[in-house]
Novice: 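One structure, pasted below without further comment.
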Amino acid sequence: MAEVLSKGVLLAFLSVALGLSAMAKAEGVGDFVQPSSKAASVENCVEPTEYMRRNHFELIRHQRDETVYGGIRGAKHSLSGCVSCHVGYDSQGTPLEIDAEGQFCSSCHDYAAVEMNCFDCHATVPKGEAWNHEVAAVHAHPTGAAPLAATSAER
Amino acid sequence: MKNESEPTNQGRRDFLGAAAGLTAAAVAPGMMLHTVDSEAAAPTGGVSDAHRWGLLVDTSKCADGCTACVDACDQENGLNLQSQPLGDDELKWQNQRATWIRKVKLQDNLTGQVTNLPLMCQHCEHPPCVDVCPTGASFKRADGIVMVDRHTCIGCRYCMMACPYKARSFIHEQVDQKLTRAPRGKGCVESCNLCAHRLDTGDISTACADACSAEGHQALVFGDLKDPTGPLRQALAKKPNRQIRQDLGLNTGVRYAGI
Ligand code: SF4
Ligand code: SF4
C-alpha cells in the first residue's frame with residue numbers, strides 16, 4: 001500500500017516537473033528576438049508574430065519574385081527589411097551578422113534544424129541598402145555631376 | 001528562334017506588368033502601418049514597359065586611361081568586395097573576377113587611330129543569353145533591363161557563351177562581403193543591370209554615367225529610349241551612332257557614337 005502510494009506521488013511529481021519544463025521550453029523557443037535589435041522595440045512584426053513564425057518564408061519568397069521581376073523594392077515583406085529590423089548590435093553599436101550563432105535567424109533555424117541559404121548570397125548586416133528618395137534627392141540632376149554623398153541608407 | 005520567342009516574352013511581360021500593378025496596390029496600405037521599414041527604400045510602382053532604359057556612349061569623349069565608370073560600378077555593386085582566393089595566380093584572378101563594365105581599347109592598324117570605350121551588357125531587345133538559358137533564370141524585365149534571377153540560375157554558363165559582348169561573369173567562390181542592394185553568390189552568373197536598384201527607387205541614373213560626368217568627360221548619357229524629349233533620345237538624335245555588332249540584329253539598348 002505504502003509502495004503504491006509512493007509510486008503515485010512519484011508519478012504526480014514527475015508529471016508536474018515535466019509539465020513545467022515543457023512550459024519553460026515553450027517560452028524559450030519564442031524568445032529569439034535580439035534585445036539590441038530594432039525589432040525588440042516594436043510591438044509585433046510586419047504581420048502577427050504567430051503568423052510570421054509559421055509563414056515568414058512564404059512571404060519572403062513571394063516578395064523575392066516581386067522584387068526581381070517587378071522591381072518592387074523596400075516593401076514590407078522584403079528580406080532586407082527582416083535584416084535591418086532584426087539585426088542585433090554589440091555594445092559599440094556595430095551590427096552583428098544575423099546568421100551568426102545565437103543571432104535572430106540562426107538561433108531559431110538551429111533549433112528547428114532547418115538549413116538556411118539566404119545568406120550565402122544576401123548581406124547579413126544592413127550595408128549599402130538600395131537607394132531611397134533621400135539618396136535620390138542628392139541626384140537631383142540625373143546626368144549632372146552630383147557628388148555621391150553617403151547617407152544613412154548607405155551606411 | 002528569335003521570332004518564335006517573341007510572343008512568349010510579350011505575354012510574360014503583360015502578365016508581370018499586371019502582377020506588379022496589383023502588388024503595388026496591396027502593399028501601399030501596409031507601408032502605412034509600420035514605421036519599421038520607413039528607412040528602407042520607398043517603392044515605385046514597379047517595372048513597366050512605358051520605359052526602356054539605355055545608354056549612349058560617345059567614344060570621342062571617353063578618355064584613355066580613365067577608369068571612373070569601372071570604379072564607380074565596382075563600388076555601387078559591391079564588386080570591389082570580392083577577394084582573390086588564397087594562392088590564386090594574379091592574372092587568373094583578373095580574368096575571373098566579376099566585372100560588369102570593362103574598358104576596351106581599339107586601334108586601327110592602318111591609320112593608327114585609337115578608340116576607347118566602356119563595354120557592359122548591351123541590354124539587347126532580343127537577348128541571346130535569354131534564348132539559351134535552360135532554366136529561365138536569364139530574363140528581360142518589362143523595362144528592357146536584362147538580368148539573371150540568381151534564385152533560379154544553375155550556373156551552367158550557357159548565357160556567357162551566347163553573349164556576343166562578353167558581358168557576363170561567373171562567381172566562382174563564396175563571397176564573404178555583400179551589399180544589401182547587390183547580393184552575390186557562388187555558382188551564379190551576373191552582369192550589368194543598369195543600376196536597377198536606383199531605377200526601382202525612382203532615381204533615374206547609373207553609377208557609371210554619374211562618375212563619367214563627375215570626371216568632366218560626359219561620355220555616357222543614360223536615359224529612357226522611349227521618351228522622345230528625354231536626354232538620351234536628344235543625344236541620340238544629335239550624334240550619328242550605332243550598335244556594336246549591329247549585324248546581329250539584337251537591337252541593343254546601349255548605343256555607341258564615334259565607332
Ligand atoms: S549583351 Fe549579352 S548579357 Fe546583355 S542582354 Fe545581350 S546577350 Fe544578354
Ligand atoms: S548560367 Fe544561369 S542564367 Fe546563365 S544560362 Fe545557365 S542557368 Fe541561365
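Side chains are part of it too, since the values below use all heavy atoms of this structure and drop only hydrogens, waters and symmetry mates.
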Novice: Between B:Thr180 (side chain) and A:Lys127 (backbone), is there a donor-acceptor pair under 3.5 Å?
Specialist: yes

Novice: Looking at B:Arg150 and A:Asp120, does any basic side-chain N land under 4.0 Å from a carboxylate oxygen?
Specialist: no

Novice: Step by step, would you call B:Thr135 with B:Asp149 a side chain to side chain contact (heavy atoms under 4.5 Å, CB included)?
Specialist: CA-CA 10 Å; B:Thr135 64; B:Asp149 178 357; over 6 Å; no

Novice: Any Lys/Arg nitrogen of B:Glu125 or B:Lys140 sitting under 4.0 Å from an Asp/Glu carboxylate oxygen of the other?
Specialist: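 B:Lys140 and B:Glu125: not salt-bridged.
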
Novice: Indicate the ring-plane relationship of B:Phe222 and B:Trp53, choosing parallel, tilted or perpendicular according to the 30° and 60° boundaries.
Specialist: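 The rings of B:Phe222 and B:Trp53 lie parallel, inter-plane angle below 30°.
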
Novice: Do we see a donor-acceptor contact under 3.5 Å between the side chains of A:Ser106 and A:Asp110?
Specialist: no

Novice: What residue, out of A:Val68, A:Asp65, A:Leu79, has the most heavy-atom pairs lying under 4.5 Å from chain B?
Specialist: A:Val68

Novice: So which of B:Ala182, B:Gly185, B:Gly216, B:Pro183 has the biggest tally of heavy-atom pairs under 4.5 Å with chain A?
Specialist: B:Pro183

Novice: Counting heavy-atom pairs under 4.5 Å with chain A, which one of B:Glu215, B:Lys186, B:Arg184 comes out on top?
Specialist: B:Arg184

Novice: By a 4.5 Å heavy-atom criterion (distance strictly below it), what part of A:Val83 contacts chain B: side chain, backbone, both, or neither?
Specialist: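 No part of A:Val83 comes within 4.5 Å of chain B.
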
Novice: Relative to chain A, which segment of B:Leu81 carries a heavy atom at a distance below 4.5 Å: side chain, backbone, both, or neither?
Specialist: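 Contact with chain A involves the side chain of B:Leu81 alone.
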
Novice: Answer with side chain, backbone, both or neither: which region of B:Gln177 has an atom nearer than 4.5 Å to a non-hydrogen atom of chain A?
Specialist: side chain

Novice: Select, from B:His151, B:Met147, B:Gln174, the one with the greatest count of heavy-atom pairs under 4.5 Å involving chain A.
Specialist: B:His151

